[in-house]
Amino acid sequence: MHYLKFLSYEFILFSLLVIVNYYFDGYLNPPFTEVDLVATIISLSIFVVFFTLLARLYKQFYTISLRKKILLSIPTFLIAGLITGIIMSHVFGVA
């Protein structure tokens, strides 16, 4: 049950990371303007909140070894990316 809780937290956080990266990627292109600066500040603040939340959530999983966390995180990231991409393409029409 501890591993399932870890995987569900990882899935939610990785899905949020993929969604934020997708939507802010369109704003960060050369030549850099004020819009790019604002998008960078917003995305960095979201990532800081993301990693702070991740650190807080990981404190309760101290019984899981680092090797197991890494081995569980890799497929979870891939699955979160695939499912988020499928949902975004079907629901929102994103190509």
Side-chain angles (χ1 to χ4, degrees):
M1 190 67 180
H2 203 57
Y3 292 115
L4 187 62
K5 190 175 180 182
F6 176 77
L7 288 175
S8 64
Y9 283 163
E10 285 279 313
F11 180 79
I12 291 168
L13 292 173
F14 282 144
S15 296
L16 290 174
L17 182 68
V18 169
I19 291 170
V20 167
N21 188 30
Y22 176 79
Y23 282 111
F24 281 110
D25 189 43
Y27 293 107
L28 302 175
N29 294 320
F32 296 108
T33 61
E34 292 84 19
V35 175
D36 295 327
L37 180 65
V38 170
T40 303
I41 291 171
I42 292 171
S43 63
L44 285 177
S45 65
I46 290 172
F47 288 140
V48 166
V49 170
F50 172 77
F51 287 116
T52 304
L53 180 63
L54 190 66
R56 285 186 184 173
L57 289 176
Y58 273 159
K59 286 183 182 178
Q60 64 183 339
F61 299 116
Y62 64 91
T63 57
I64 301 174
S65 67
L66 180 63
R67 181 175 183 228
K68 288 182 182 177
K69 286 180 186 176
I70 292 172
L71 290 175
L72 289 171
S73 295
I74 292 171
T76 305
F77 178 74
L78 295 174
I79 292 170
L82 287 173
I83 290 177
T84 304
I86 289 169
I87 290 172
M88 287 175 64
S89 68
H90 284 4
V91 174
F92 301 116
V94 176

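The analysis underlying the following values was restricted to heavy atoms, covering all of them including side chains, and did not include hydrogens, waters or symmetry mates.
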Can you list, pair by pair, the side-chain donor-acceptor contacts under 3.5 Å of residues 71-78, counting residues two or more places apart and other chains?
unit_1: Ser73; atom_1: OG; unit_2: Glu10; atom_2: OE1; d: 3.1
unit_1: Ser73; atom_1: OG; unit_2: Lys69; atom_2: O; d: 2.7
unit_1: Thr76; atom_1: OG1; unit_2: Leu72; atom_2: O; d: 2.6

Run the ring-ring contact (aromatic ring centres under 6.0 Å, His included) test against Phe6 and tell me which residues pass, sequence neighbours left out. Tyr58, Phe61

Between [atom1] of [X] and [atom2] of [Y], what distance do you get to the nearest 0.5 Å?
| X | Y | atom1 | atom2 | result |
| --- | --- | --- | --- | --- |
| Tyr9 | Leu4 | OH | CG | 11.0 Å |
| Ile12 | Leu7 | CD1 | CG | 11.0 Å |
| Leu17 | Thr84 | CG | OG1 | 10.0 Å |
| Ile83 | Phe14 | CD1 | CZ | 13.5 Å |

Does [X] belong to the same Ile/Leu/Val/Met/Phe/Trp/Tyr cluster as [Y], with side-chain heavy atoms less than 4.5 Å apart forming each link?
| X | Y | result |
| --- | --- | --- |
| Ile42 | Val18 | yes |
| Phe47 | Val38 | yes |
| Leu44 | Phe51 | no |
| Leu82 | Ile19 | no |

Going by the side chain to side chain donor-acceptor pair (under 3.5 Å) test, which pairs reach into residues 44-56, not counting sequence neighbours? none

Contact summary for Lys5 and Gln60, nearest pair of heavy atoms: NZ-OE1, 3.6 Å

